[in-house]
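Report on one structure; see the data block that follows.
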Amino acid sequence: MYRPPLTHHATSSSSGRQPSFEGPPLVPLLAEIPVFVVPAKLDMIEVVSQIEALGGVRALRPEEAVMVITALRGRPRLARVLGDAVDTVAVLRAEFVADAYELAKRAVGDEIPPSLPKWDEYRVPLRRRTASVEPVTPTTPPASIHPVHAGTKRSPPKSPDSPPSKRIKTVSPRTPRISHGTEPATDDAPASPNLDLDTDVTLYPEDIRLRDIPRLAIERPSPLKCPNQDILEAIKSIYLEREYGELAQLNTNVLSYRRSMAILKSVPRRIRSGEEARKLVDVGAKVANRIDEYLKTGQIAEAEEIKASSRFQALRLFSSVWSVGHSTAAALWREGCRDLEDVRLYFLRTDPAPQLEEDDSGWGHGYEWDRATAREERAKNRRRENGKMTREEVVGAWLGLKDELDRPIPRDEVQEIGDIVAEHLDALAPGCSQTITGGYRRGKETTSDVDVVFRPPFGQHENETGALIDALRRRLLRFGIITHVLQLSERETGTPLHHGGGNFDNLDKAFVILRLPGKGRLHRRVDLICSPPSRYAAAVLSWSGSMMFERDLRRWCEDRGYKFRAGLVEIATNREINLDSEREIFRFLGLRYVPPELRNADV
DNA sequence: ACTCATAGC
DNA sequence: GCTA
DNA sequence: GAGT
Ligand SMILES: [Mg+2]
Ligand SMILES: [Mg+2]
C-alpha cells in the first residue's frame, strides 16, 4: 500500500513541526503520505496548499499515491482517471483534506497532536464488478511457501498468533497465566516431554527429576522468576565481571555460566545443594561449588568483592551507554576514566565531529561564522535523524538523557508506545500488523526498551519493508516523537526472498529514542523492526527473546539441518521455509510451543 | 580437541 | 566491537 | 566452564 514519496521536502527542521509561511506550523498530519489529487471539479490550489501545509507529499501519478483526493464519484469515471490504481489506493472525498486541515489548525499549540481522521469514513464508494479481495484489508493471507515437510503438520494450530481482524492488529500479550505447582504437564512421561507436540510447555511439577530437564531452553519452561532466583542473582556478578576481561577464555566461561543459570531457572523447587544442582545438564563442578557456598553462607565471597569494587561499578556504568560495550568500557577504565564525565570528555577528545567541506564563497563577511555553524547544525541534525551520529554525539546525547533512559518502562507505557506506532503505520499503510515483542511479550512488569515488529499489509507492496519503515521513521521525526535515530539497518538477512524482485535497497530496522507527546513523558529506547509478511512469524520469534532462548533455538535448528536467521533456511537446499505463526515454527521443528512468558531463560 | 547463535553496521 |  |  505504501508508496515511497516522489519528492522529499528539504526537511532539516530539527524538532517536529513543519514550518509554514502563514501562521504557526501545523501538525504534519499527512507527513510522508504521498497524495494524488484528481484535478477536476475542485479547487486545486486550495486542496494542494492544504496538503502541503499538512506535510503531505504530492504524488504525480495515482499509482504512486497512497491516497487519491477527488471530487469525482462513481467507479467508471474514477477508473478512467486512475487506471488500475483505483483498486489499490484509498480514494477519498476532498472533505478529508479540509477536515484534516481544520483539525490541525485547531490543534495548534496543543501538547498532544490530533490523529489523522479515519480515512475509511471518507472513501468514495466504488462498487466492484467482481467480488474479489479487498486490496487494503489483510484478511486473505497470500499463498505462502509451505514447509518442505508438510507432513509434520498434523493438527491445526489452536490459536494462530494473530487472527486478522482489525486494521492494525496487535498480538496481545498473554497475561502471565503461569500455573504453579503440580500440573499434568505431559501425561506421565516426563522423561520425553517432546512426544506430545500438541500441548504447550508449562511449568514442571515440583517433583521432576532434574536429569530429565532438557539441555536447551526451547525445550523447557523458563519463568520470569524461579524458586532459586536469589542463588542466581548471587552468582550473576561473577560472570558479568568476566565479560570485561580480555581473555577470550573467560568469555566462553561466561557462556557456560549463562547456560547453568538458564537451566537452573527451569527448576520448579528449591535446590538444596550443589550436588543436587549438578544433576542438571550444564551445571558442573564450579557452579555447584558456588551454589554450596551460597547455601552455606548466604552469599558468595568473590561475587561480593566484585560488586563492591569501584572498577566493576564503573564498567557497568560505562557500558550502560549505547555504543559502549565491554571492551570499550574496559579500555576507558585503563585510560583513566572513572566517571561518566570522564567518558564524555574522552570521546570529545578522540571522536571529533566530521568536518564539512569548506565553503569558501562567503569569506571576509561578518556572517561567515554564523553560516558555518548553522551549516554544522544542519549536518548534525541530519546525522541525528538518519542513524549517522558520531560516537561522541551518541554518547553525548545518551548522557544527556541517561536519567530518563535508565528508568524502567511500565507495561502501560509500552502499550502506549505500541499504539502510537500503530496509529502512524495506519496513516501510512492501512492494514499493517504489529506485535510488541521483547521483554514485554515475555510478561515483564517493566522493560528497558520497547521492541515493535511490524509488517506491511498483504498485497502488491508487501515486500517493501524499507520504504515503510523509512516513512514511519520520518513521520515520527516530523511529529517530534522520535528524537534520535541511533542506527538503521537493512533487512534481516541476505537470503533469497525470491519473489518481489529488485526492490531491496531496504532499511528494516530502526533503533531510536522517542518521547511520546504531552507533559511528563520520558525519552525511551525503541526498536522498530519491519518484516515482509512471509517472515513475520520468524521475526516475532526472533525478537521475543530471551537471549539464551534465541541461542538455543539456533542450536536446535543447526542440529537438524536448518539455519534460523530472520527465517528458517534448510541448509541442504538453501531454501527458505516460511511459516505463518510461531506455533507452526515450533511444530515444524518438532518442538512443543513455549509461550512467551516461559522464554525467560536469561537471569 | 572442538563447540558454544546470528546478522548488520 | 556493538547492537539486537 | 561444560558437554561431546
Ligand atoms: Mg552499552
Ligand atoms: Mg527489548
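Order of the sequence lines sets the chain letters (A, B, ...), proteins ahead of strands, with each chain counted from 1.
- The shortest distance between the side-chain N/O atoms of A:Trp556 and the OP1/OP2 oxygens of B:dA5 is not below 4.0 Å.
- Across C:dA4 and B:dT3, the matching C1' atoms stand 23 Å from one another, rounded to whole Å.
- Taking 4.0 angstrom as the limit, A:Lys509 places none of its side-chain polar atoms (N or O) nearer than this to OP1 or OP2 of C:dT3.
- Side-chain atoms of A:Ser581 and A:Glu584 include a donor-acceptor pair closer than 3.5 Å.
- Ion pairing between A:Asp559 and A:Arg555 fails under the 4.0 Å rule for side-chain N and carboxylate O.
- Taking atom CD of residue A:Glu550 and atom C1' of nucleotide B:dC4, one finds them 16 Å apart after rounding to whole Å.
- Closest contact between the side chain of A:Lys286 and the listed nucleotides C:dA4, C:dG1, D:dG1 involves D:dG1.
- For A:Arg592 and A:Phe586, the positive end is not near the middle of the six-membered ring at less than 6.0 Å and at most 45° from its axis.
- What separates CZ of A:Phe564 from P of C:dA4 is a distance of 19 Å, to the nearest Å.
- Checking C:dG1, C:dA4, B:dA7 against the side-chain heavy atoms of A:Arg525 singles out C:dA4 as nearest.
- The backbone N or O of A:Ile208 sits less than 3.5 Å from a side-chain atom of A:Arg269, completing a donor-acceptor pair.
- A distance of about 15 Å separates the P atoms of B:dA5 and D:dT4, rounded to the whole Å.
- One interatomic measurement links the two molecules: CG of A:Asn289 to C1' of D:dG1, which rounds to 12 Å at whole-angstrom precision.
- Within 4.0 Å (heavy atoms only), A:Glu558 reaches sugar-phosphate atoms of the nucleic acid but no base atom.
- Within the nucleic acid shown, A:Val453 has no heavy atom closer than 4.0 Å to any nucleic acid atom.
- Of the candidates C:dG1, B:dT6, B:dA5, B:dA5 carries the atom nearest the A:Arg551 side chain, counting heavy atoms from C-beta on.
- Atom CZ in A:Phe318 sits about 18 Å away from atom P in C:dG1, given to the nearest Å.
- Side-chain N/O atoms of A:Arg565 include one lying less than 4.0 angstrom from OP1 or OP2 on B:dA7.
- Each of B:dC9, C:dA4, D:dG1 was ranked by its minimum atom distance to the side chain of A:Gln249; first place goes to D:dG1.
- In this structure, of C:dG1, B:dA7, D:dG1, it is C:dG1 that holds the atom nearest to the side chain of A:Ser327.
- Residues of residues 252-285 of chain A having a heavy atom closer than 4.0 Å to DNA chain B, listed by number: A:Thr252, A:Leu255, A:Arg259.
- Put simply, CG on A:Asp200 and CG on A:Leu598 are 9.0 Å apart, with the number rounded to the nearest 0.5 Å.
- Put simply, CG on A:Leu568 is 12 Å from P on B:dA7, counting in whole angstrom units.
- Side-chain proximity of A:Arg555 to the nucleotides B:dC4, B:dT6, C:dA4 is greatest for B:dC4.
- Remark: A:Arg391 fails to qualify as a cation-pi partner of A:Phe347 under the 6.0 Å distance and 45° angle criteria applied to the six-membered ring.
- Residues passing the side-chain hydrogen bond (donor to acceptor under 3.5 Å, both in side chains) test with A:Asp412, sequence neighbours excluded: none.
- Spacing between atom NZ of A:Lys563 and atom P of B:dA5 amounts to 11 Å, rounded to whole angstrom units.
- Rounded to an integer number of Å, the gap from CZ of A:Arg215 to C1' of B:dT3 is 11 Å.
- Distances from the side chain of A:Arg242 to the nucleotides C:dT3, B:dA5, D:dG1 place D:dG1 closest.
- Regarding A:Leu216, its CG atom lies at a distance of 18 Å from the P atom of B:dT3, rounded to whole Å.
- Judged purely by atom type and a 3.5 angstrom limit, A:Arg384 has no side-chain atom pairing as donor or acceptor with the backbone of A:Met389.
- A:Asp451 comes within contact range of the sugar-phosphate backbone alone, with a heavy-atom separation under 4.0 Å but no base atom that close.
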